[in-house]
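Written out below as C-alpha cells is the structure these notes cover.
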Amino acid sequence: MSELVIEGLHARVSEREILRGLSMTVRSGEVHALMGPNGSGKSTLSHVLMGKPGYEVTGGTVTLDGVDLLELTTPERAAAGLFLAMQYPTEVPGVGVAEVIEEAFVATGRDPSGVPALLASEADALGIEPTLLERSLNVDLSGGEKKRSDTLQMAVLAPRIALLDEIDSGLDVDALRSVSRRVERATSQGFAGSEPLGVLAITHYTRLLEELHPDFVHIFVDGRIVESGGPELADRLEASGYAAWIN
Amino acid sequence: MSNELFTLEASADLGGPDWLKAFRDSAAKVAAGTPAPSPELEGWRYSRVEEVSTAGHQPVSGAGASGVPSAVSRYLSELGDLAGHVISVDGQIVEIFLSDEVPDGVTVGLAESAESMRVGESEPTDAFAAWNAALSTAPLVISVPRGADIAAPIAVFNHVTQPSSAVFPRLLVTSGENSSVAILEVFSSEDIRSLVVPVTEFSATRASRINHTVVQDLGPQMQQIAFTGAEVEQEATWRSAIAALGGDYARQRVDARLVGRGATGTVAAAYLGSADQMIDLRTFQEHVAQDTTSELYFKGALADRSNSVYTGMARIHSNARGSSADQANRVIKLSEDAWAESVPNLEIHNNDVRCAHASAVGPVDRDQRFYLESRGVPTRAAERLIVDGFFDDALSHFPVPEVVTLVSSRVDELLNREVAHLEGRT
C-alpha cells in the first residue's frame, strides 16, 4: 500500500502565493479528482509535486510512503514512484519515447531491454499507431495523441501514484475513453502484478469523472481544498458550478 | 594596397612545373594586392582574423612529409567503404588510392594545367583564398566524366604536423553531365598551433549530383580559414555537410552559385565548441537562375567559454523567379559563458520566390528537460537526449553515416565536460 500525503502545502510562483495550505492523502487504488475553476492554481499543484523549477514551496510537507518528496530532484521523485501526465505535454524534437523510457529504466536499475516490447503491447491496448512510437516526442501530434502517449509512458513506467493534469483537455471521446480505461485498469489491478495505482486527477470539467469514476472529489478554490466528498459532490458541481464555493 | 600575411618570396620558393610556377606567381601578386581582412569588414565581423594575421605562421615548402599519420589511419579504418582516398600531410600528397570499382575516366591527382586550378573565371573571395592559389604546394583535382556514378565517397585527408606552419590545401572537383560523386574531406592535425587555409571548389555540370562532407577535426590550438565554393548548373544538385569540431579559431565560408535553371545547393552543418574555441561560419547562396533551391540546416552546441558566429546571405537575383531559399541556424548554449552570434540575411530582387529564415540561440529548453526528468530520466541523460535530438535534423542531411556517429560521440563528450556544472543545477 502506497500513500502520497500532502499536508499544509504552501507554494508560490514569482512572489505570488498560489497554494495556501493544501492537504490531502492519495492511497493505492484510490482515484481522487481535484476540481477547481480556471486560474485556481490546479496545475501549480502538479508542478510543485513533481518539482518543476520556478515554483517555491514556502510551507507544508509532501511524502510518498514516508519519503520527503520535497527534498528530491524531479527524476528522483519519478524514481520514487510519482508520475505526472502534463496538461500540455512538451515537444522534444529528435527524441523518441523508447529512448526516454530506457533511460528511466536504467536510472532505476531496471532492465531496459524489454522496453520496446512493453511499449508495443501498451500501444496496442491504447489504440496508438505503432508508427507513432518511432516519432519525436509530442512533435506534430494531435492533443489526443499526446495524451495517449503520456498514458502509454505511465503504463510502461508503472508508477505508484499518478498525477493526471487536465488529461481530458484536447481529447476526443474515443481517446478519453481509452485513456480512462487504461487508468482504471491500473487502479484496480496495478501494473503487471504491482500494487494498484493511486490517482490524483486534476480537472476543470466533470466530463472526465463520467469516465474515470473517482472515489473522492475535492473542490479546490483559492489555493486550498474547500470541500471534499464522494462522487455526489461532482453532481452538485455540475448543477451549480463553482459559484457556490467562491466567496 | 598590400598585405603582410605572407610574402611573394614564399610563393616563388615553391617548386613544380613551369605553368604552376607562373600560376602561383600571378596569384601571389593578386594576393599581395588584396587587403588583409579585418573585423571591421562586414564578412569578418566578430571574427578572430587578427589573431591569425599576426600569428607569423610560415608557409610549408613541402619537404619532410612521409608516411600515413596515425590519426588518418584511424579515420580510414572507421570510415567504412570508400571509392578512393588521397592523403596529404603538411601540404604534400603521400598516398593516392582508387578502388577497382571506380568507373573509367575518373581522375584523382595533381592539377596539370592552370585551367584546372579554378572554376571558370572566379576570383578569390578574400586575401586568404588568394594566398591559397599562390602558396598551395600540391593542388588536387578530381574529375568525374559524363554519366559516371560513384556511390561510395572519395576521401581527401589533410593532416598537419609542423608547428607554426601555414598549409594551403586546394581541391577542385568537376562532375560531368549526369554524373554522381561523393567527396569527403577530413582535416586533422597534431596538437600544434598552425594554420590551415583550404580552398575547395566544385563545378557541378548539368544534371550532375555532388555530395560533399567536411569533417573539421583539427587539434585544439589550430587556426583555420576555409573556403568552399560551388557552381551549380541546370538541374544539378550540390549537397554539402559540415561537421565543425576542432580548432581554436575555425572559420568556414561556403558559397553556392546556382547558375542553371532548377539547380539545387544545400548545406547542413553540425558544430561544437568548447574551452575558448570559436567556430565561425559564413554562407552565401546566390540564386542566379530561375527555379533554383537553396537550403541551410545549421545546428551548434557550445560549452565552456566557446563562441560561434553564423552569418548567412541568400540573394535572389532579378531573373531567379520561382526560386526557394531556406536558412536556419540554431544554437544550444550548454554554458552561461558561451556566446553565439546568428545573423541570417535575405536579399530578394524578384517577387515570385519563397524565402524563409530562422535563427535561435539559447540554453537547453527548460520545459523539455523537465518533461524528460518527470519520466525519471536523470538530468544529465535528459540533456544528452535533448542535445542529440536537437542535432537530428541537421545530421539527417549528412550522407556519410560514420560522420554522424562521430558527431554524436563528440556531443556526448561535450556534455560530459559540463557534468560538474549540470550537477550543481537544480
Side-chain angles (χ1 to χ4, degrees), chain A residues 46-47 49-56 71-110 112 115 135-139 146 149-150 152-154 156-159 162-163 165, chain B residues 268-270 272 297-301 328-332 336 358 360 362-398 404-405 407-409 411-412 415-416 419 421-426:
Chain A
S46 72
H47 290 149
L49 293 177
M50 205 70 227
K52 187 172 186 177
Y55 295 81
E56 190 191 352
E71 285 298 308
L72 302 182
T73 65
T74 297
E76 287 166 348
R77 294 180 199 199
L82 194 64
F83 179 85
L84 167 62
M86 294 181 197
Q87 182 176 5
Y88 303 110
T90 311
E91 296 184 6
V92 192
V95 179
V97 64
E99 299 177 83
V100 172
I101 304 299
E102 282 163 1
E103 288 286 357
F105 269 45
V106 168
T108 49
R110 284 182 278 179
V115 166
R135 291 165 60 181
S136 295
L137 276 173
N138 301 319
V139 176
K146 287 179 185 174
S149 167
D150 258 27
L152 167 73
Q153 293 172 52
M154 177 194 76
V156 176
L157 288 167
L163 313 168
D165 191 357
Chain B
L272 305 176
Y297 317 88
F298 279 47
K299 289 277 175 94
N329 178 58
R330 294 188 171 84
V331 180
I332 286 189
E336 285 175 11
V364 170
D365 187 273
R366 212 171 78 155
D367 290 340
Q368 292 178 355
R369 188 170 57 216
F370 176 66
Y371 185 82
L372 300 191
E373 287 177 335
S374 76
R375 318 283 117 160
V377 179
T379 306
R380 189 177 141 196
E383 299 231 357
R384 182 169 47 72
L385 286 176
I386 292 166
V387 176
D388 273 342
F390 165 80
F391 278 105
D392 249 22
D393 70 332
L395 291 177
S396 70
H397 297 278
F398 276 61
V404 175
T405 310
V407 173
S408 295
S409 73
V411 167
D412 292 350
L415 290 167
N416 289 339
V419 163
H421 180 62
L422 285 179
E423 287 177 349
R425 244 190 259 167
T426 50

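Throughout, a chain's letter reflects where its sequence line sits, starting with A, and its residues are numbered from 1.
Put simply, CG on B/Leu372 and OG1 on A/Thr74 are 11.5 Å apart, with the number rounded to the nearest 0.5 Å. The CZ atom of A/Arg77 sits 10.5 Å away from atom CD of B/Glu373, with the distance rounded to the nearest 0.5 Å.
Minimum heavy-atom separation, A/Pro75 to B/Thr379: CG-N, 4.1 Å. When all heavy atoms of A/Gly51 and B/Phe370 are compared, the closest pair comes out as C-CE1, 3.9 Å.
By number of non-hydrogen pairs under 4.5 angstrom with chain A, the leading residue of B/Ala381, B/Ser396, B/Ala382, B/Pro378 is B/Pro378. Comparing A/His47, A/Glu76, A/Met50 by how many heavy-atom pairs each has under 4.5 Å with chain B, the most go to A/Met50.
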For residues 84-104 of chain A, which side-chain N or O atoms pair as donor and acceptor with protein atoms under 3.5 Å away, sequence neighbours left out?
from     : atom 1 : to       : atom 2 : distance (Å)
A/Gln87  : OE1    : A/Ser43  : OG     : 3.1
A/Glu99  : OE2    : A/Gly96  : N      : 2.8
A/Glu103 : OE2    : B/Arg384 : NH2    : 2.6

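Contacts between A/Asn138 and chain B at a heavy-atom distance below 4.5 Å involve the side chain alone, from C-beta outward.
Residues A/Leu157 and B/Arg375 are in side-chain contact: their nearest non-hydrogen atoms beyond the backbone lie under 4.5 Å apart.
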